[in-house]
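The structure appears right after this line, and notes come after that.
Sequential numbering from 1 along the given sequence is applied to the chain's residues. What's counted below: heavy atoms across the whole structure, side chains too, no hydrogens, waters or symmetry copies.
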Amino acid sequence: AALSRSRLTAPSLDVRPDEGQHEKRVSDAIKASLPERLRGGDGFRLPIAEGLTPQAAQTVGTWRGGGAISPRQLAIGEVLRPELALQRLGARRIDLEAGWSGRATVSPAKLTAGWSDPTTGVMQPATEMNLSLTSARPRELTVEVECSRLLLKQTNAEALVRELFAAAFEEEYERAAIDGSGRDGQPMGLTAVAEIGVMQNHSVAGSLPSYGELVGGLQLALDAGARLRRCGFLLSQADHDALVALERPGGHPALVEGVDGWSLAGRPVEFSAFVPSGQAFAGEFSECELVWQSVPTLLINPYTKSNQSIIKISIFDLFDFVIRRPQFITSIR
């Protein structure tokens, strides 16, 4: 909000001469820490600090460019890169430094494990683990918010704008990771990855999977090598009521609600609005990687709609979604 106001000249806004100067110094320091070829552009760089509480940040927190992280800056990370349903099921978050270009390999495609013979010193290959081509490349997500100059005059402007950005980023990252098409610059989400296991729903077309089919989908992932204790279910939010009423043999509820959320067959369950109705995913979601790169950039445009007293605030961030071993996840359709 301070940066946005600093770009405006309307006397009615009572913009102070020093407004946004602290944020500008933070942005300049972050730019100085980036490779020279990435320092251009008129946008402001935003700090992302993960894994620190505001209390810890006041004493020990520092961001990459040097200097203390304030609680106000910490909130940016929660807004732009929130926890997604896949993370709650075990998906791993990866933060790449600035400067990656083209295809940046995150994991090797093939591993061999074996034991060395103590008499000869020769390794006897025992297991080959085939991974998919899990490489991430920068895919830029742009979220734009249009707000009035009058809004920026209000004392709660920053909280209101932050809520708008938080909702937009969380929804779009989750949609891309689950239902991204892989075309037009989007990541390829779970529903589009051809290598994941598929279990056809043998019920009436368009109906929900039964308890047996959900457990059968999990078994298919286990047969491919998934580790049971790391497995879970991702279900459609549109089917929530019907799935909660689902029963397992003996008339017992299939889904059980506990203090940590829902579970099915003893494994954690998450619901998402981006899983199509009638479909579900089961398996080891720790094979999924949510990959962010560098730091987000904020751009303020007070000109395009100046005649309407509208300011356009845009944030650009780099993200991709990959699966190391897609055979560890089953799509139940």
How many angstroms lie between atom [atom1] of [X] and atom [atom2] of [Y], to the nearest 0.5 angstrom?
{"X": "Glu19", "Y": "Ser4", "atom1": "CD", "atom2": "OG", "answer": "10.0 Å"}
{"X": "Thr330", "Y": "Ile196", "atom1": "OG1", "atom2": "CD1", "answer": "7.5 Å"}
{"X": "Ser286", "Y": "Arg325", "atom1": "OG", "atom2": "CZ", "answer": "8.5 Å"}
{"X": "Gln327", "Y": "Leu220", "atom1": "CD", "atom2": "CG", "answer": "10.5 Å"}
{"X": "Arg93", "Y": "Leu86", "atom1": "CZ", "atom2": "CG", "answer": "14.0 Å"}
{"X": "Trp292", "Y": "Asp320", "atom1": "CH2", "atom2": "CG", "answer": "11.0 Å"}

Taking [Y]'s backbone N and O only, do any of them form a donor-acceptor pair with [X]'s side chain (distance below 3.5 Å, no angle check)?
{"X": "Ser148", "Y": "Leu151", "answer": "yes"}
{"X": "Arg45", "Y": "Asp28", "answer": "no"}
{"X": "Gln87", "Y": "Leu84", "answer": "yes"}
{"X": "Glu174", "Y": "Ala85", "answer": "yes"}
{"X": "Ser27", "Y": "Lys24", "answer": "no"}
{"X": "Ser236", "Y": "Val275", "answer": "yes"}
{"X": "Gln21", "Y": "Asp18", "answer": "no"}

Is there a path of hydrophobic side-chain contacts, each under 4.5 Å between heavy atoms of I, L, V, M, F, W or Y residues, that connects [X] with [Y]?
{"X": "Leu89", "Y": "Phe328", "value": "no"}
{"X": "Leu164", "Y": "Leu3", "value": "yes"}
{"X": "Val198", "Y": "Leu222", "value": "no"}
{"X": "Val193", "Y": "Ile329", "value": "yes"}
{"X": "Tyr211", "Y": "Ile332", "value": "yes"}

Closest contact, heavy atoms only, [X] versus [Y]:
{"X": "Val143", "Y": "Ala168", "result": "CG1-CB, 3.5 Å"}
{"X": "Ser277", "Y": "Asp239", "result": "OG-OD1, 2.7 Å"}
{"X": "Ser314", "Y": "Glu144", "result": "OG-CG, 3.2 Å"}
{"X": "Gly20", "Y": "Ser6", "result": "CA-CB, 4.4 Å"}
{"X": "Ala226", "Y": "Glu284", "result": "CA-OE1, 3.4 Å"}
{"X": "Glu83", "Y": "Glu170", "result": "O-OE2, 3.9 Å"}

Is any side-chain heavy atom of [X] closer than 4.5 Å to a side-chain heavy atom of [Y]?
{"X": "Phe319", "Y": "Leu141", "answer": "no"}
{"X": "Ile30", "Y": "Pro47", "answer": "yes"}
{"X": "Leu218", "Y": "Leu228", "answer": "yes"}
{"X": "Tyr173", "Y": "Asp317", "answer": "yes"}
{"X": "Arg88", "Y": "Phe285", "answer": "no"}
{"X": "Pro296", "Y": "Arg81", "answer": "yes"}
{"X": "Leu298", "Y": "Ile315", "answer": "yes"}
{"X": "Phe321", "Y": "Leu290", "answer": "yes"}

Check: What do the steps show when you test Ile313 against Cys147 for side-chain contact (heavy atoms from CB on, under 4.5 Å), and what is the final call?
Finding: CA-CA 8 Å; Ile313 305 173; Cys147 59; 3.8 Å; yes
Notebook entry, point to check: Would you call Arg227 and Glu287 a salt bridge, taking side-chain N to carboxylate O under 4.0 Å as the test?
Noted result: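 Yes, this pair counts.
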Checklist line | Residue Gln219 excluded, over 12 heavy atoms near CD under 6.0 Å | finding: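 Above 12, so yes.
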Next item on the list: Could you please spell out the steps behind the side-chain contact (heavy atoms from CB on, under 4.5 Å) verdict for Phe281 and Glu270?
Entry: CA-CA 10 Å; Phe281 294 93; Glu270 285 289 335; over 6 Å; no
Next item on the list: Could you go through the side-chain contact (heavy atoms from CB on, under 4.5 Å) check for Leu246 and Leu208 one step at a time?
Entry: CA-CA 9 Å; Leu246 197 65; Leu208 300 181; 6.0 Å; no
Margin query: Does Arg324 form a side-chain contact (heavy atoms from CB on, under 4.5 Å) with Arg92? I'd like the steps, not just the answer.
Written below: CA-CA 11 Å; Arg324 294 189 305 163; Arg92 299 189 302 160; 3.4 Å; yes
Checklist line | Val291: which of Leu318, Ile94, Asp95 passes side-chain contact (heavy atoms from CB on, under 4.5 Å) | finding: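 Output: one option passes, namely Ile94.
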Item checked: Parallel, tilted or perpendicular, as decided by the 30° and 60° cut-offs, for the rings of Phe271 and Trp262 ->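 Because their plane-to-plane angle is over 60°, the rings of Trp262 and Phe271 count as perpendicular.
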Counting only pairs under 3.5 Å, give me each side-chain donor-acceptor contact of residues 183-192, with atom names and distances, residues two or more places apart or in other chains.
unit_1 : atom_1 : unit_2 : atom_2 : d
Gln186 : OE1    : Arg175 : NH1    : 3.4
Gln186 : OE1    : Arg175 : NH2    : 3.1
Gln186 : OE1    : Ser181 : N      : 3.4
Thr191 : OG1    : Ile178 : O      : 3.1
Thr191 : OG1    : Asp179 : OD1    : 2.8

